[in-house]
Structures are given as structure tokens and as C-alpha cells.
**Q** 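Below you will find the structure I want to go over with you.
Counting starts at 1 for both ligands and their atoms, in listed order. For the numbers below, each heavy atom of this structure counts, side chains included, while hydrogens, waters and symmetry mates do not. Predicted model only: the values in this text are computed from it and were never measured.
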Amino acid sequence: MAATTDTGTETPEIRTSNFLSERIAEDLRTKKYGDAAIQTRFPPEPNGYLHIGHAKAICLDFGLADEVGGRTNLRFDDTNPEKEEQEYVDSIQKDIHWLGFDWERLCFASDYFGQLYEWAIKLISDGKAYVDDLTADQIRQYRGTLTEPGKDSPYRNRSVDENLDLFARMKKGEFPDGSRVLRAKIDMASPNLNMRDPVMYRILHATHHRTGDEWCIYPMYDYAHGQSDSIENVTHSMCSLEFADHQPLYKWFIENLGIFPSQQIEFDRLSITYTLLSKRKLLQLVQEKRVSGWDDPRMPTLSGLRRRGFTPEAIRTFVAAAGVSRTNGSTDIEMLEHFQRDDLNKRAQRGMAVLRPLKVIIDNYPEGEGETVEVANNPENPDAGTRQVPFSREIYIEHDDFREVPPPKYYRLSPGKEVRLRNAYFITAQSVVKDAAGNVVEVHCTYDPASRGGNSPDGRKVKSTIHWVSTKHAVSAEVRLYEKLFTKPDPNDYPEGGSFLDNLNPASLEVIADAKLEPSLAKAEVGQPLQFERVGYFTLDPDTQDGKLVFNRTLSLKDSWAKIEKKAGI
Ligand code: ATP
Ligand code: MG
């Protein structure tokens with residue numbers, strides 16, 4: 001089940017010893033399910049793209065089963081035809097594979113509509129379900145509150161025959177949307193509101209993405225989920241904490257139908273600072289065009305993270321490190337970034353790129369083609385080999401690496417100062433050329449031919465090494481720099497009357513139209529991990545078209561988590 005990823009690397013085993021794995025181990029020890037293998041499922045609703053919160057559920061559902069030789073189904077919880085689409089079904093499968101997992105069986109709750117309907121008839125026949133004509137508003141009023149018991153519906157004591165007849169006619173389409181529901185007959189005074197005669201079926205004349213117009217009644221989540229688990233012989237149905245209050249109902253249906261005893265176990269939702277993990281709100285960002293789409297590299301969706309250059313390995317490591325517990329908390333985004341940098345540092349191919357170019361002319365270097373210098377592809381990995389990078393009399397450096405009037409402790413290039421050009425030569429700035437507005441547009445330097453390869457010829461020290469790109473060999477590219485999408489650690493923290501949209505960071509995207517790159521970067525592939533030396537981690541964006549390169553910055557190089565860890569003594 002643990003799979004290899006698209007990048008071809010082996011999935012590292014994430015051993016998670018926690019209350020979930022202990023529970024599974026205990027059930028195996030006591031042979032709760034006889035000799036049957038552990039069966040789990042990942043049950044997304046196809047109403048949006050998967051986000052990194054889902055990655056946690058996926059790693060647990062697949063990972064825990066895999067640790068004990070069990071199996072995991074992918075089951076689409078497709079009981080809300082109005083919100084669900086094939087596009088989502090496809091993207092979810094793609095993202096799970098990308099994350100490195102493969103399912104035993106591909107299932108759809110909609111495949112069970114027939115069985116669920118028969119079971120509803122059984123509950124009606126047993127006097128445990130009834131058709132209610134109250135409106136949705138009335139049902140809410142009759143339901144009571146946490147402190148007051150509910151009231152019985154006047155339709156609660158309909159005869160079995162009348163209920164069977166009405167339910168059959170609901171299915172036939174005789175009644176308009178919202179006019180009737182089927183409810184379980186449990187306890188209107190239960191302290192758990194979910195047990196106060198929960199709705200099992202509603203009338204909805206809507207076309208389903210798989211069953212078309214076959215059905216005009218659809219099961220509610222609570223009635224569909226546990227029964228689907230049971231149909232698939234799911235032993236451990238893990239879900240996030242908000243379903244804890246639904247557990248008694250989950251058990252009630254299974255017990256009263258006498259079907260396979262699946263068990264629901266809850267764990268904490270992943271929540272990350274500066275990040276929204278709610279499909280509904282992410283959909284709003286997409287629909288209102290606050291982002292370019294579900295896969296906008298600023299989105300916490302798996303497709304957005306992938307496009308941004310995040311790797312499945314780092315996401316899995318992060319999710320494992322964030323751990324599971326029985327109370328919801330929040331994880332620092334810096335921790336995710338830390339694991340991602342760690343992973344990219346090992347695997348990213350290096351290249352030199354100048355984002356804000358300033359021209360440097362080396363006056364004593366010969367005119368002409370220049371030469372090439374040999375550079376390591378990844379100093380962290382000698383197996384990555386070397387490449388030849390062209391060097392010539394005219395180069396670009398970062399604007400920021402030159403100051404005409406250097407502030408204190410500024411060790412990069414300034415008039416009279418010598419610096420090392422990475423893997424090339426020592427140069428000393430001699431003079432500048434300015435435009436009419438007084439901006440430096442060209443720096444004239446001299447170089448020391450004896451410092452080839454960036455080595456000091458006589459032991460003299462330079463305090464700084466800067467990167468460069470030969471102007472005549474440079475390739476142009478658009479570079480997209482991303483910052484956090486939200487300005488607040490909790491994007492849902494807004495004053496009354498406001499919305500999470502008020503916390504959007506207006507500076508979350510900066511586009512550099514014409515960066516200058518060493519020629520080897522023109523061969524980059526979409527998704528390939530890259531490091532632009534001294535600048536950050538990048539990857540090629542699928543917007544790249546013939547002749548026009550587009551790169552995304554995955555992350556800058558600065559690791560703030562390492563500092564947080566050190567300070568906290570972690
Ligand atoms: P959202 O609130 O974003 O719409 P959801 O819970 O409605 O999420 P589903 O498609 O129903 O999304 O979720 C599939 C599975 O993923 C469920 O088991 C759910 O518990 C789990 N899940 C969703 N979000 C998170 C999260 N942030 N952390 C951990 N598990 C999650
Ligand atoms: Mg849901």
C-alpha cells in the first residue's frame with residue numbers, strides 16, 4: 001500500500017505510535033474482528049480539492065492500516081448532488097496518488113443508495129423511522145436546545161404502513177423538495193442533539209454526478225457514512241473531532257440494523273497558522289477570484305502546494321511530526337516550511353538566477369565568448385554531479401548586492417571593495433554609470449585572473465560571495481514570489497461584521513517580469529525542485545510556454561523554524 005511517488009522516491013515509513021495505533025493493536029490482540037485484516041477508508045466529499053488537512057487524514061487512514069498489513073478504500077462521500085462534481089473526484093484521486101498512497105478499492109457512497117434505501121425500509125418497518133411533514137424551520141424549533149429537551153413532531157406516531165407508503169412516494173418523486181423528510185425515531189429528550197430524531201433522508205430533485213436523475217431523495221451524512229463503512233467492512237473509521245458528537249448515532253444505526261460493527265474513532269483536525277483549511281472558504285477564494293484557482297501556489301490545497309514546489313515527502317514528514325491528539329490545536333506554518341526546506345536542500349538542483357539585475361562590466365576581462373566554470377549541481381549531494389556555467393566580461397548581479405554608499409557592516413560590492421563571484425573570480429568595484437534620475441545602472445569592476453574558481457590567490461580574504469549570470473548567455477524568466485496568503489495567524493480572527501477576506505495579504509504575490517537566469521535553468525521541468533543560489537527554492541510553473549519561462553518561489557532560504565526550535569529548546 002505504501003507506494004512510490006511521482007518523483008520515484010520510496011515513501012518513508014511514518015511510524016505513528018499514538019492512541020489510534022494502540023486501539024488498532026488492541027483490537028488485533030483481542031481478535032475483535034476475528035482474523036480479518038484491518039480495514040480503513042478515506043472518505044472525502046467531492047465538493048472541492050484536497051487540502052493539507054486532508055493529507056493528515058490520508059496519512060493516518062492509509063498509514064495506520066499499512067503498518068498492520070491492513071487495507072484502505074478510497075470512498076467518495078457523494079450524498080450532496082448540488083455541491084459535487086466530477087472535476088473534484090478526479091483531482092482527489094490525483095492528489096492521493098501524488099502524496100504516495102494507493103487504495104484497495106475505489107468506492108462511492110452513491111453505489112450504496114439502493115442498500116441504504118432498503119435499510120431505511122427496515123427501520124421504518126421496525127417502527128424506528130418515520131416520515132415527518134414539518135418544515136426545516138419547524139424541525140429546528142421542535143429540536144430544543146442544549147438546555148431544553150425537544151418536542152415530538154405531530155407526525156412521529158404515524159403507522160408503519162403510512163410511513164412505508166409515504167417513503168415510497170417520496171422516492172417516486174411525488175413530493176416537492178423540502179416538503180417531507182425521513183427521520184430516525186430515537187429520543188427527543190436526549191442530551192445529545194444528534195440523537196433527537198435525526199433526519200435520514202431529504203427530498204432533493206437534483207441531478208447527481210454519478211446516479212443522474214435516478215434518485216430524488218438523498219441520505220444525510222449521518223445515515224450514509226456509518227452504513228457505507230459497514231458495507232465495506234471498515235473496522236476503524238477515523239475522522240476528525242467534530243464528529244465525536246455523532247458517534248452515538250453512528251452506533252445506533254449499526255446496532256439497530258444489525259450490520260457489520262464498524263467503529264468510529266476521532267482525532268484532532270490539522271490546523272496551521274496563517275492558513276485556512278476549509279473547503280467552503282477555499283472555494284469562496286476561487287469563486288471570487290482572490291486566487292487564480294484551486295491550484296494557486298498560495299493555496300493550502302495539495303494541488304497548490306505541488307505547483308508551488310512542495311514535495312509529498314516533506315508533507316508526509318510534517319504531518320507525522322505534527323502528530324495526533326484528542327484536542328484541536330494549531331501548528332506553526334514555519335514547521336511545515338522547515339521540513340520542506342530540509343527536503344529541498346537535499347534534492348534541489350542548484351542554479352544561479354538574478355531576480356533584480358544590475359549590470360557589471362569587468363573592464364580588464366577579455367571581450368568575446370568568455371569561458372565556462374565548473375559548478376556543483378548540489379553541494380549536499382556529490383552524486384548530483386557538476387555543470388558548466390558560462391562566464392564573460394558582462395554579468396548581472398542582484399541590485400541589492402551593490403551599494404554605492406555602503407551602510408555599516410555591508411560586505412557586498414561597493415566602490416573599492418572586493419567580493420567573490422561564486423565559483424568564478426574576485427572582482428573589485430571601480431566606478432558606476434547612472435541614469436538621468438541618478439540610479440546606478442552599471443558598475444565597472446576589475447577582476448583578479450589568479451582567483452579563478454573563486455579561490456583566493458594569496459590567502460587574502462573577501463567577506464562576501466555573490467551570485468551572477470553572464471549577460472550574453474542569460475535566459476529571461478518571469479518569477480513569482482509568494483508570501484503568506486493571510487496576514488493573521490488565525491485568518492478567522494476578524495472584527496464583528498468582517499470576514500476572513502479582510503485578513504487577505506495584499507502583498508502575497510509579487511511578479512518579477514524579467515529575471516536573468518543561467519542557461520541550464522531553461523531545461524528545468526515543471527515540478528523539479530530547484531535552488532536559485534542565495535535566493536531561495538523554486539520550481540517551474542505549468543504556465544511556462546514555448547519561449548517564456550515562469551518560475552514559482554517555493555520558499556526563501558531563511559528557516560525561521562530552526563530559530564523557534566532553538567529558542568524553545570525543542
Ligand atoms: P472541510 O471542512 O475542509 O470541507 P471536510 O471535513 O468537510 O473538510 P471531507 O471531504 O468531508 O472534508 O473530509 C474527508 C476526511 O478528511 C474526513 O475524514 C475528515 O475528518 C478529514 N479532514 C478534513 N479536514 C481535516 C483536517 N483539517 N485535519 C484532519 N483531517 C481532516
Ligand atoms: Mg465534510
**Q** Can a salt bridge be assigned to the pair R480 and D541 using a cut-off of 4.0 Å between side-chain N and carboxylate O?
**A**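 Yes, R480 and D541 are salt-bridged.
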**Q** Considering only residues two or more places apart or on different chains, which pairs with a residue in residues 253-271 satisfy salt bridge (charged side-chain N to carboxylate O under 4.0 Å, His left out)?
**A**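 Matches after skipping sequence neighbours: K56-D268, E242-R269.
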**Q** Can you run down the salt bridge (charged side-chain N to carboxylate O under 4.0 Å, His left out) pairs that involve residues 30-40, sequence neighbours left out, and say none if there aren't any?
**A**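 Counting only pairs at least two positions apart or across chains, the salt bridge (charged side-chain N to carboxylate O under 4.0 Å, His left out) contacts touching residues 30-40 are K31-D35.
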**Q** Polar-atom distance check: R269 versus ligand 1, any N or O pair below 3.5 Å?
**A** yes
**Q** When you compare ligand 1 with K279, is there at least one nitrogen or oxygen pair between them that comes in under 3.5 angstrom?
**A** yes
**Q** Applying a 4.0 Å heavy-atom criterion (strictly less than), which segment of S271 is in contact with ligand 1: side chain, backbone, both, or neither?
**A** neither
**Q** Examine R180 relative to F175 and say whether NZ or CZ is less than 6.0 Å from the centre of the six-membered ring and inside a 45° cone about the ring axis.
**A**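 Ring-cation test returns yes.
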**Q** If you count the atoms of ligand 1 from 1 in the order shown, which ones are under 4.0 Å from a heavy atom of A57?
**A**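 Contacts of ligand 1 toward A57, numbered from 1: 16 (O), 21 (C), 30 (N).
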**Q** Which word best sums up how the rings of Y33 and F260 line up, parallel for under 30°, tilted for 30 to 60°, or perpendicular for over 60°?
**A**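 Judged by the thresholds at 30° and 60°, the geometry between Y33 and F260 is parallel.
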**Q** Say whether L270, considering both its backbone and side-chain N or O atoms, lies within less than 3.5 Å of an N or O atom on ligand 1.
**A**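 N/O-N/O distance under 3.5 Å: yes.
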**Q** I need the atoms of ligand 1 closer than 4.0 Å to a non-hydrogen atom of H51, numbered in the order shown.
**A**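 Under 4.0 Å from H51, ligand 1 has these atoms: 3 (O), 24 (N).
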**Q** Set out, in order, the CA-CA distance, both residues' side-chain angles and the distance that settles salt bridge (Lys or Arg N to Asp or Glu O under 4.0 Å) for R41 and E104, then state yes or no.
**A** CA-CA 9 Å; R41 89 291 169 256; E104 177 76 10; over 6 Å; no
**Q** For ligand 1, which atoms sit closer than 4.0 Å to a heavy atom of P43?
**A** 14 (C), 18 (O)
**Q** Around atom NZ of K83, are there more than 12 heavy atoms from other residues, nucleotides or ligands closer than 6.0 Å?
**A**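 No - once you tally the heavy atoms of other residues, nucleotides and ligands closer than 6.0 Å, there are 12 at most.
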**Q** From the options H54, R280, E242, select the one whose nearest heavy atom is closest to atom 23 (C) of ligand 1.
**A**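 Answer by nearest heavy atom: H54.
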**Q** If the cut-off is 4.0 Å to any non-hydrogen atom of G53, which atoms of ligand 1 fall inside it?
**A** 25 (C), 26 (C), 27 (N), 28 (N), 29 (C), 30 (N), 31 (C)
**Q** Could you tell me whether N47 and ligand 1 have an N or O pair separated by under 3.5 Å?
**A** no
**Q** Mind checking whether S240 has an N or O less than 3.5 Å away from an N or O of ligand 1?
**A** yes
**Q** Taking distance alone, with N or O pairs closer than 3.5 Å, would you say R41 contacts ligand 1?
**A** no
**Q** Measuring centre to centre across the rings, with the benzene-like ring taken for any Trp, is Y250 within less than 6.0 Å of F243?
**A**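 They do not qualify: ring centres at least 6.0 Å apart.
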